[in-house]
Amino acid sequence: MGSIVPFQDLNLFPELPQTTGAPNPSVVTTTAPPTPFTFLTPKIEPKQEPLDEPIPTLTQTPQQRENFLSSLSNSTPNFLPNSETTPLSTNTSSSNNDQTALYSEYFRISELFRTAFAKRLQKYGDVDVLDPDSQAIVPVPEEQPPEPEPNPERALSVVVSRQNRGRSNELVRVTNLGIEDQRHFRDVVRRTRMMYDALRILAISEEEKRKGPGHGRRARGDLRAAQVMRERGLWLNRDKRIVGSIPGIEIGDIFFFRMELCVMGLHGQAQAGIDYLPGSQSSNGEPIATSIIVSGGYEDDEDSGDSITYTGHGGQDKFSRQCMHQKLEGGNLALERSMHYGIEVRVIRGIKYENRVSSKVYVYDGLYNIHDCYFDVGKSGFGVYKYKLLRIAGQPQMGSAIMRFAESLRTRPLSCRPTGYLSLDMSQTRENLPVFLFNDIDSDHDPVYYDYLRNTVFPPYAFAQGTNITGCECVSGCTEGCICAMKNGGEFAYDHNGLLLRGKPVIFECGINCKCPPTCRNRVSQHGLRHRLEIFRSKETGWGVRSLDIIQAGAFICEYAGVVLTKEQAQVFTMNGDTLIYPGRFSERWAEWGDLSQIFTEYVRPTYPSIPPLDFAMDVSRMRNVACYMSHSISPNVLVQYVLYDHNNFMFPHLMLFAMENIPPLRELSIDYGVADEWNGKLSICN
DNA sequence: GATCTATCAGGCGT
DNA sequence: CACGCCTGATAGAT
């Protein structure tokens, strides 16, 4: 069960130096504070010789600090429904009489959040299964939006503006989430990210349709998607400012766009590197930092992973060169205040990633404490504020460190991990990239005994039926409106980067009878692996699969390959006790990919091109490929999409696997195999 | 080609 | 309301 711990933050210091008497020279009080407390805003402006000025800090006795910290850890008012009546313990170690009043003020936590939570608990009780249709707790307002949009395909351009509340000034920390809560929030995050990606790609393709291909600058789908979701009230965590980790977001999660971070509530600034609650909104007038992005934009940064020397912002010209002294204001002051109160900040690293042109990948690396803050001379000779951040111990391994490790594994696996490799290419060059086999926990080396299949083997009669495949005549690549686009319902299934736009019952890729080149945008899954995969042994899931490369959401991963059996063969094999795959039993996760029902009320899952229920079995007991080792999960990161390209027989599509989210390197891939008891609880088919 | 630089269109938060 | 900000895509240079 989770609890929201409100921050009493700075109001707990009534005995801070008052304006009466000799003022502290390093502290200047503002005029007319709107509460009984004195607002203390240090105004130290670095002058020409800023280094002579000491860093301003509020005076605070060790006892005061102790009181504050203990009140934070002792007070865990629980806002969840079934503990709502629990009286709050207000007799904490602090002698502050105003705490009761403060507590009651903070008790009034967002009605939205509470009722949403209550509704959900009512609906699901203690059931351990999450309904994919359950409402998002955090962002979705009570009154669900509803005016029907006339045309879903064009609706992006006629989005009705809705309540567009700004960010909350309520500072909270979310702690002690139970397993079920974690799963729920994870699910909310997953679906929100899927929605963002679907909108982003849709926005780009719409813009292209409007302007015609290759005309002008490509639309900023990242901005458009965020805009649409903001208008719909679909941004997460806008109703409170969360200090510490964000529910549903795990360390190591990766994002491709700054706006995506805003939508998820991980970092609320579209460009700025320091996100903070501004002093004007804070209960005592002092700003508090909540997250930073370490992106290499400042020359004075030093980043060694667990320890960061972060440069404050400001003082740069439009070419990002340091040209003047920084000031202790905005985010700079917020970081200093966060250090003062011992409040942790989230750290997101922006890392250059090879596959993306002059673009970055953002990795959530967890929580850091600010240990020091000082004014220093930067490399260009101007004064900059520097913050020494140390990563809080006991967190999962840093995502950026894992990415670096995966990077080195790709180039020199044996020197990174001298033992454990059973094969440096399971596919024996049948795939375009090697598939590693790695086990450093036991002596199992079962996978080496199987022949490797690159693609599914279909029976000859699969090709015999429906041989009159019509191909396109697009010699220089398919364009909108070509015959192959028509076969897919008038639109291509993939964007120009080969990402799946929207899941469909089946996808027709261009095939042998098409005149288009191999680079045609309608040939994606037929080209095989694009990510270096590794089959590995784990204590939890037996054999599993992970990637050494980032897999972007919507990207093709690999085929689920096997040997297709006739009904008679399948019966024999079953009696033999062999493990068979029934492609029709995979959960229809493709329908979640590109599902925009929260945006367009009349959105319906695609039904065209349609496909009859699949009725064949696939044998993987002798020949198999890497997919067979993927684990089962009810919240998978990989989906199954049926694809046809080398024959036209609806009964025998290829089972193609696509990423449902951005999958960081070395994170285990998982599929929803469907009904659990079919597999006797096995975590993957081929253990 | 691959990498860098300049430029441009942008949106959000303060 | 203007402006600053550790964007992101693209064209052109090297």
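Here is the naming used below: chain letters follow the sequence lines, and residue numbers restart at 1 for every chain. From a predicted model like this one, the values you see are computed outputs, not experimental measurements.
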Check your understanding: Between A:Asp275 and A:Gln269, does any side-chain donor sit less than 3.5 Å from a side-chain acceptor?
Key ->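 Per modelled atom types, A:Asp275 and A:Gln269 side chains form a pair under 3.5 Å.
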
**Study point:** Polar side chain donor-acceptor pair, A:Arg523 to A:Gln526, under 3.5 angstrom
**Key:**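 Checked: A:Arg523/A:Gln526 side chains pair up, N/O donor to acceptor below 3.5 Å.
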
Can you check the [X] [atom1] to [N] [atom2] distance for me, whole Å?
| X | N | atom1 | atom2 | value |
| --- | --- | --- | --- | --- |
| A:Phe319 | C:dC6 | CZ | C1' | 17 Å |
| A:Ile201 | C:dG8 | CD1 | P | 16 Å |
| A:Asp222 | C:dA9 | CG | C1' | 9 Å |
| A:Asp317 | B:dA6 | CG | P | 11 Å |
| A:Arg224 | C:dG8 | CZ | C1' | 17 Å |
| A:Asp301 | C:dC6 | CG | P | 10 Å |
| A:Glu260 | B:dG11 | CD | P | 18 Å |
| A:Asp300 | C:dC6 | CG | P | 14 Å |

Exercise for review: Would you name the heavy atoms of A:Tyr196 and A:Ala226 that are closest together and state the gap between them?
Suggested key: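 Heavy atoms of A:Tyr196 and A:Ala226 come nearest at CE1-N, 3.8 Å.
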
Check your understanding: Tell me, do A:Tyr353 and A:Asp549 make a side-chain contact under 4.5 Å, heavy atoms counted?
Key ->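 The answer is yes, as the side chains (C-beta and beyond) meet within the 4.5 Å cut-off.
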
Practice item. Taking the side chain as every heavy atom from C-beta outward, state whether A:Arg224 and A:Leu202 have any atom pair closer than 4.5 Å. Key: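 Heavy-atom side-chain distance check fails, nothing below 4.5 Å.
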
Check your understanding: Do any side-chain nitrogens or oxygens of A:Tyr353 fall under 4.0 Å of OP1 or OP2 in C:dG8?
Key ->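 Checking C:dG8 against A:Tyr353, no side-chain N or O comes under 4.0 Å of OP1 or OP2.
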
Check your understanding: Can you tell me if the side-chain N/O atoms of A:Lys318 get under 4.0 Å from OP1 or OP2 in C:dG4?
Key ->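 For C:dG4, neither OP1 nor OP2 has a side-chain N or O of A:Lys318 closer than 4.0 Å.
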
Over all strands shown, is [X] touching base, sugar-phosphate only, or nothing at heavy-atom distances under 4.0 angstrom?
| X | result |
| --- | --- |
| A:Tyr310 | base |
| A:Arg258 | sugar-phosphate |
| A:Gly296 | base |

Restricting to nitrogen or oxygen on both sides, can you table the protein-nucleotides 12-14 of chain B pairs closer than 3.5 Å?
from	atom 1	to	atom 2	distance (Å)
B:dC12	OP1	A:Arg230	NE	3.2
B:dC12	OP2	A:Arg230	NH2	3.3
B:dG13	OP1	A:Arg238	NH1	2.7
B:dG13	O3'	A:Gln269	NE2	3.4
B:dT14	OP1	A:Tyr276	O	3.2

Review point. Is A:Arg193 close enough and on-axis enough to A:Phe255, meaning under 6.0 Å and within 45°, for cation-pi?
Key: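 Relative to the ring axis of A:Phe255, which defines the angle, A:Arg193 lies inside both limits.
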
Check your understanding: Taking 4.0 angstrom as the limit, do A:Glu170 and A:Arg241 come out as a salt bridge?
Key ->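 Here A:Glu170 does not pair with A:Arg241 in a salt bridge, since their nearest N and O are not under 4.0 Å apart.
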
Review point. Hey, are A:Asp222 and A:Arg200 close enough for a salt bridge, meaning a charged N less than 4.0 Å from a carboxylate O?
Key: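 The answer is no: the pair does not qualify as a salt bridge.
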
Practice item. Only counting residues at least two apart or in another chain, list the ones meeting ring pair (Phe, Tyr, Trp, His ring centres under 6.0 Å) with A:Tyr310. Key: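 Once residues adjacent in sequence are excluded, A:Tyr310 has no partner under the ring pair (Phe, Tyr, Trp, His ring centres under 6.0 Å) criterion.
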
**Study point:** Secondary structure of DNA chain B in dot-bracket form (Watson-Crick or G-U wobble, distances below 3.5 Å, | marking inter-strand pairs)
**Key:** .||||||||.||||

